[in-house]
Amino acid sequence: MALPQVNSSRYTVFVPGLGKEIEFRPYLVKEEKILMVAMESNNQKQILGAIKDVIEACVFDNINVNNLAVFDLEVLFLHLRAKSVGERISVNVKCQDEECGIESPVEVDLDDIKSPDISNDDKIVMLSEDIGLTLRYPSFEDIQKFDPEYLEKIDGIMELLVLCIDNIFDTENVYEDSSDKEKMEFIENLNTDQFQNISKFFDSMPSLKHDLKFTCSKCEKENKVELKGIQSFFT
């Protein structure tokens, strides 16, 4: 005789990059195990892969998780975590006083964390009066192609940038079918100021953020730190 199945509740969350609400269920013990194993590895690619697998298992809507921007992945997982385990989590945060530096456990209410705002206007970068390009935010699939250490190097940044160019345009044409090699040559022939204008797009890219105020458990100094990115909330 088959054992009874426990029905899960259903919830919705607004995903900024998709511009719509997505329906999901809390993750189960089998999925939490996947997350725990990944978190224990302390490997960013493995953690993101586990988060992707859990989202695919728990979301009812027909979405391609590979195409989600990283911040959308973070928003979805944060709400999954809140409805699966609880709205409050404890994170270890280091005191900002150089003479102290001890880590203190601090409670964070996940309901206080706001989803990032996005604007399509930010995706257009003008390089001169008549030449510009349209960018897109890096997707989960894009990020998974690189080791985190490689993305800290100029070669990694350049390769990711090329992947995120939707088109290049001037006053007469929009060039949408350029090869990666052609895009790379285009970027390499920019001057420093033009390249920095593009870099600003990535520096200001939406991300899961939360300003956290706490009192150090050792020196009792008042601290204010910014948690940024999904891993900051689960350390």
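- In the displayed structure, Glu188 atom CD is contacted under 6.0 Å by more than 12 heavy atoms of other residues, nucleotides or ligands.
- The environment of CG in Asp211 is crowded: more than 12 heavy-atom neighbours from other residues, nucleotides or ligands sit within 6.0 Å.
- Distance check: Arg81 CZ to Ile51 CD1 gives 11.5 Å after rounding to the nearest 0.5 Å.
- Phe201 and Met126 sit in two unconnected hydrophobic clusters of ILVMFWY residues. Membership requires side-chain heavy atoms under 4.5 Å apart, directly or through other members.
- Cluster membership for Phe77 and Met205, using ILVMFWY side-chain heavy atoms within less than 4.5 angstrom, is not shared.
- Counting heavy atoms from C-beta outward, Ile165 and Ile187 have side chains that approach closer than 4.5 Å.
- Judged purely by distance below 3.5 Å, without hydrogens or angles, the side chains of Glu182 and Tyr175 never pair a donor atom with an acceptor atom.
- Hydrophobic clustering of Ile, Leu, Val, Met, Phe, Trp and Tyr side chains at less than 4.5 Å, counting indirect connections, unites Val54 with Val85.
- Here the CG-NZ distance, from Asp61 to Lys20, works out to 6.0 Å after rounding to the nearest 0.5 Å.
- Glu185 CD to Asp180 CG: the interatomic distance, rounded to the nearest 0.5 Å, is 11.5 Å.
- A donor-acceptor pair shorter than 3.5 Å cannot be found between the side chains of Asn67 and Ser139.
- Hydrophobic cluster membership differs between Leu151 and Val162, with clusters built from Ile, Leu, Val, Met, Phe, Trp and Tyr side chains linked at under 4.5 angstrom.
- Between the side chains of Thr215 and Glu222, a donor-acceptor pair is found at a separation under 3.5 Å.
- When the side chains of ILVMFWY residues are joined at heavy-atom separations under 4.5 Å, either directly or via intervening members, Leu76 and Met39 end up in a single hydrophobic cluster.
- Both the sub-6.0 Å distance and the 45° axial angle are not jointly satisfied by Arg10 relative to the ring of Phe24.
- Residues Ile34 and Tyr27 form no side-chain contact, since every pair of their non-hydrogen atoms from C-beta on lies 4.5 Å or further apart.
- Between Leu133 and Phe169 the shortest heavy-atom distance is N-CE2, 3.5 Å.
- You'll find the side chain of Ser9 reaches within 4.5 Å of the side chain of Tyr11, heavy atoms only.
- Between Phe71 and Tyr137, the ring planes lie perpendicular to each other; the angle is over 60°, past the 30° to 60° tilted range.
- To the nearest 0.5 angstrom, Leu68 atom CG is 6.0 Å from Leu73 atom CG.
- When all heavy atoms are compared, the tightest approach of Tyr150 to Glu159 is OH-OE2, 2.5 Å.
- The two residues Arg136 and Leu163 come nearest to each other via the heavy atoms NH2-O, 2.9 Å.
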* Asked: Can you list the steps and then say if Lys94 with Glu103 is a salt bridge (charged side-chain N to carboxylate O under 4.0 Å, His left out)?
  -> CA-CA 4 Å; Lys94 183 180 291 187; Glu103 288 189 345; 5.5 Å; no
